[in-house]
Protein chains: 2
Amino acid sequence: MTEPPRQGGCRAIAANKWMMLIMYDLGAGPRRFTELRRGIDGISQRVLTAALRGMERDGLLTRTVHHVMPPHVSYELTPLGRGMLDAAQPLLAWSSGELPRIEAARADYDARAQ
Amino acid sequence: MTEPPRQGGCRAIAANKWMMLIMYDLGAGPRRFTELRRGIDGISQRVLTAALRGMERDGLLTRTVHHVMPPHVSYELTPLGRGMLDAAQPLLAWSSGELPRIEAARADYDARAQ
DNA sequence: CGGAATCCCGCGAGATACTG
DNA sequence: CAGTATCTCGCGGGATTCCG
């Protein structure tokens with residue numbers, strides 16, 4: 001066979017549009033819910049909760065509740081999540097470097113079509 | 001600054017959940033609309049059209065219309081799109097290899113929560 | 001063949017209020 | 001603080017039909 005779990009793999013990495021941003025933030029170390037919320041521009045509480053649940057379900061991060069007052073929940077990449085982040089580094093670097101070119105292409109396209 | 005276009009970059013690569021699959025298919029060479037549609041499981045005509053438009057707008061692929069009968073439209077990666085696919089290779093390889101682990105984590109999570 | 005146009009439904013996601 | 005719960009609305013996206 002050529003590349004059997006290709007579609008599944010592609011779907012897994014594109015499952016959630018916030019996943020990459022969350023992984024990036026968690027790459028620097030554990031984060032609390034509110035830290036993630038503040039660090040990710042435009043995400044709502046509800047959607048962040050859902051994204052974190054999905055990633056926890058996929059085994060990419062752990063969710064640890066500290067029963068103190070006030071409550072404290074911290075999220076941290078698992079080895080699996082760390083591996084995915086490592087594998088994504090070239091793409092993240094590319095997207096940072098080439099973003100201006102993409103934005104230029106968009107402006108060009110929009111101008112052409114008015 | 002540390003990494004300024006990070007959010008923009010992450011959004012650009014997660015903009016469309018079909019993008020990676022389309023890019024993967026186009027990596028092997030130009031494709032016609034119907035070939036892409038058949039090759040991508042579960043995508044509808046409307047959604048494929050929209051995804052291709054978005055990628056064309058981002059400068060990742062070109063759309064070439066051949067005015068013959070019957071009509072013929074072919075899509076092909078630009079150098080920019082090719083660069084993105086190259087940068088995505090480690091992540092694609094990772095997702096293919098680790099997909100079983102992700103699926104196992106999901107099954108485990110679902111079993112635990114019933 | 002490769003769309004565009006139209007209709008329409010359901011889920012994604014914002015806002016707000018409430019809890020352990 | 002870190003969620004759940006509820007209500008609401010918009011638009012993402014399926015099905016179908018028409019066109020060059």
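Note on naming: letters A, B, ... go to the chains in the order of the sequence lines (proteins, then strands), and numbering restarts at 1 for each one. As the structure is a prediction and not an experimental result, all values here were calculated from the model.
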What is the distance, to the nearest angstrom, from the CZ atom on R37(A) to the P atom on dC1(D)?
12 Å

Please pick, from dC1(C), dC1(D), dG14(C), the nucleotide with the shortest atom-to-atom distance to any side-chain atom of P70(B).
dC1(C)

Would you say H67(A) and V65(A) make side-chain contact, with heavy atoms under 4.5 Å?
yes

What nucleotide, of dG3(C), dT4(D), dA13(C), holds the atom closest to the side chain of K17(A)?
dA13(C)

So, does R38(A) get its side chain near the phosphate of dC1(D), meaning an N or O under 4.0 Å from OP1 or OP2?
no

Is any side-chain N or O of S44(B) closer than 4.0 Å to OP1 or OP2 of dG13(D)?
no

Pick the closest DNA chain C nucleotide for P71(A) and for V47(A) by heavy atoms, then say which residue is nearer the 5' end.
V47(A)

If I take atom CZ in residue R53(A) and atom P in nucleotide dA5(D), what distance separates them, rounded to the nearest angstrom?
11 Å

Q45(A) CD to dG3(D) P: how many Å, rounded?
8 Å

Spacing of I43(A) atom CD1 relative to dG3(D) atom P, expressed in whole Å
12 Å

Look at all strands and tell whether R63(A) reaches a base, only sugar-phosphate, or nothing, counting heavy atoms closer than 4.0 Å.
sugar-phosphate

Tell me whether R106(A) is salt-bridged to E103(A), with the criterion being a basic N under 4.0 Å from an acidic carboxylate O.
no

Nearest-Å distance, CG (L48(B)) to C1' (dC1(C))?
13 Å

What's the CG-P distance between L36(B) and dC1(C), to the nearest Å?
15 Å

Interatomic distance, W18(B) CH2 vs dG12(D) P [rounded to whole Å]:
16 Å

With the side chain defined as heavy atoms from C-beta on, T49(A) is closest, among dC1(D), dG3(C), dG3(D), to dG3(D)

Under 4.0 angstrom, heavy atoms only, what part of the nucleic acid is R32(A) near: base, sugar-phosphate, or nothing?
sugar-phosphate

Check if the side chain of R46(A) and the base of dT16(C) share a donor-acceptor pair of N or O atoms closer than 3.5 Å.
no

Linked, directly or transitively: L85(B) and W94(A) (ILVMFWY side chains, under 4.5 Å):
yes

Value in whole Å for how far the P atom of dC1(C) lies from NE2 of H66(B)
16 Å

Are E35(A) and R32(A) within salt-bridge range, i.e. N to O under 4.0 Å?
no

Look at D108(B) together with R57(A) and state whether they make a salt bridge at an N to O cut-off of under 4.0 Å.
no

